[in-house]
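Order of the sequence lines fixes the chain letters, A, B, ..., with proteins taken first and strands second; residue numbering starts at 1 for each chain. What's counted below: heavy atoms across the whole structure, side chains too, no hydrogens, waters or symmetry copies. Since this is a predicted model, take the numbers as computed values, not measurements.
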Number of protein chains: 2
Amino acid sequence: MADDFNTYIKRNINLNDEDIQLMHSMALEKKAHRREMLLQPGDVCRHKMFILSGMVRLYRTREDGSEHIMHFATENEWMTEPESLNHGTPTAYYIEALEDTELLLWTKRDFTQLSIAIPQLKTYSENIIAKNLAMTRERVFNTMSATVEERYDDFIRDYPDVFNRIPLHMVASYLGVSLKTLTRVRQAQVKR
Amino acid sequence: MADDFNTYIKRNINLNDEDIQLMHSMALEKKAHRREMLLQPGDVCRHKMFILSGMVRLYRTREDGSEHIMHFATENEWMTEPESLNHGTPTAYYIEALEDTELLLWTKRDFTQLSIAIPQLKTYSENIIAKNLAMTRERVFNTMSATVEERYDDFIRDYPDVFNRIPLHMVASYLGVSLKTLTRVRQAQVKR
DNA sequence: TTAAAACGGGGACAAATGTCCTCTTTTAGC
DNA sequence: GCTAAAAGAGGACATTTGTCCCCGTTTTAA
């Protein structure tokens, strides 16, 4: 597992072994079992998380209990709730492990420390946020302008690995439609 | 106008006069008339822009010509298309001046230079992106879970100044509904 | 191993929304 | 100031989508 992290970091930020070692040494390793909550509304998000194995989702609920999924993250991806992390304010989100998951955690403080020692890290984390913003804008655009079927097909094309590991009602929740609507789309496709 | 920028910067990043002077000296001043395009699909976005006066919108179109607005920015706000700016790739977006608008522009290169001379600037710009991400996620959540009327009321509450300066069809475009639907919501409210 | 929960398809119906059209008023720009 | 364009309301109709059921199968967790 630790090797996966090293490989990932080398490939994406191009750090030397010492820097990777330093990063790793400041991380907290955590194992979360399926359905474990890593963050809940009212909590303050304290960590940036790197996923070694498994899968998590970021979602919110309405007062009526309906769930709306904002983001999935799998192996070799990052997850945090930047709003809460940056300002130390209570979050509105849940982060839940969808499978048994292994993580590396850094507190904001430690990550800031690391960014001073390893300047590339700052640029790298800014790029991750910018990428997330571009993705989320893309999603807003698609939600506004594309049909449910197009968005469904896009989801399968863009996140095949996620698609194969989650139940359909979560796909519906991510797409922002009811399970019924998704079922209809799927049936229409079967009949072709 | 220049004074507005100084005031804004002092209030938000707390730079000293020399640093502000340095920032300003590396900026390009630009005036755009109403309806002028500052960025079009296929262009590479070359600048971070600060709006001294006026207003711009960021939007995309579908093949059928329909417009979908991602973001508005007014006086003392920033605008750019980070995806294109960061990677030097062609953008899919338009940026259009909705009023006669005065801007300060920095190239990516110059802004990077500035960030080295003024380290707070790096943190500040990361915060702006993070804030944009949080806003956009909030918007996805609202689009998925709130009624059109709720989203309309939210828009007026959150962006009263924008609301009062744009035509209703742009409100509809931002909310992701047809003008017809927005008209219905407004009529229902009048009748109460 | 087994009981409970989760999953997901489908019917019936109602509500929400879009498209296409017309019509009037307001606004922008020469 | 004048003229063309933009703005926006509204009717008629079709389509999409949601909700509330029910049902059978599969998966999960104690």
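We find that CE of B:Met144 is positioned 19 Å from C1' of C:dA16, with the value rounded to whole Å. Here the P atom of nucleotide C:dA6 and the CD atom of A:Glu67 are 11 Å apart, to the nearest Å. In this structure, CD of A:Glu99 is placed 13 Å from P of D:dA29, rounded to the nearest angstrom. Distance CD (A:Gln189) to P (C:dG9): 12 Å, rounded to an integer number of Å. In this entry the distance linking NE2 of B:His33 with P of C:dG29 reads 10 Å, nearest Å. In this structure, CZ of A:Arg165 is placed 17 Å from P of D:dT27, rounded to the nearest angstrom. Atom CZ in A:Arg34 sits roughly 15 Å away from atom C1' in D:dA30 (whole-Å rounding). Distance, B:Leu179 CG to D:dG11 P: 15 Å, rounded to whole Å.
Not a single donor-acceptor contact under 3.5 angstrom links the side-chain atoms of A:Arg184 to the base of C:dG9.
With B:Tyr8 as the aromatic partner, B:Arg11 does not meet the cation-pi criteria of under 6.0 angstrom to the ring centre and within 45 degrees of the ring axis.
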(request) Decide salt bridge (charged side-chain N to carboxylate O under 4.0 Å, His left out) for B:Glu77 and B:Lys131; before the verdict, give the C-alpha distance in whole Å, the side-chain angles of both, and the deciding distance to 0.1 Å. (result) CA-CA 12 Å; B:Glu77 294 184 325; B:Lys131 193 178 151 197; over 6 Å; no
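Of the two residues near DNA chain D, A:Lys180 and B:His169, the one whose nearest nucleotide lies more 5' is B:His169. A residue-by-residue look at A:Val177 and B:Arg186 shows that B:Arg186 has its nearest nucleotide of DNA chain D further toward the 5' end.
B:Ser178 has a side-chain polar atom (N or O) that falls below the 4.0 Å cut-off from OP1 or OP2 of C:dG18. OP1 or OP2 of C:dG8 has not a single side-chain nitrogen or oxygen of A:Thr183 nearer than 4.0 Å. Between C:dG9 and A:Gln187, no contact under 4.0 Å exists linking OP1 or OP2 to a side-chain N or O.
Under the 6.0 Å cut-off for aromatic ring centres, B:Phe5 and B:Trp106 qualify, their centroids lying closer than that.
In terms of hydrophobic clustering, with Ile, Leu, Val, Met, Phe, Trp and Tyr side chains grouped at heavy-atom distances under 4.5 Å, A:Leu104 and A:Tyr124 are assigned to a common cluster.
For A:Leu168, the listed nucleotide lying nearest its side chain is C:dG8; candidates were C:dG8, D:dA7, D:dG18.
Panel note: side chain A:Arg139, backbone A:Met70; a donor-acceptor pair is recorded below 3.5 Å.
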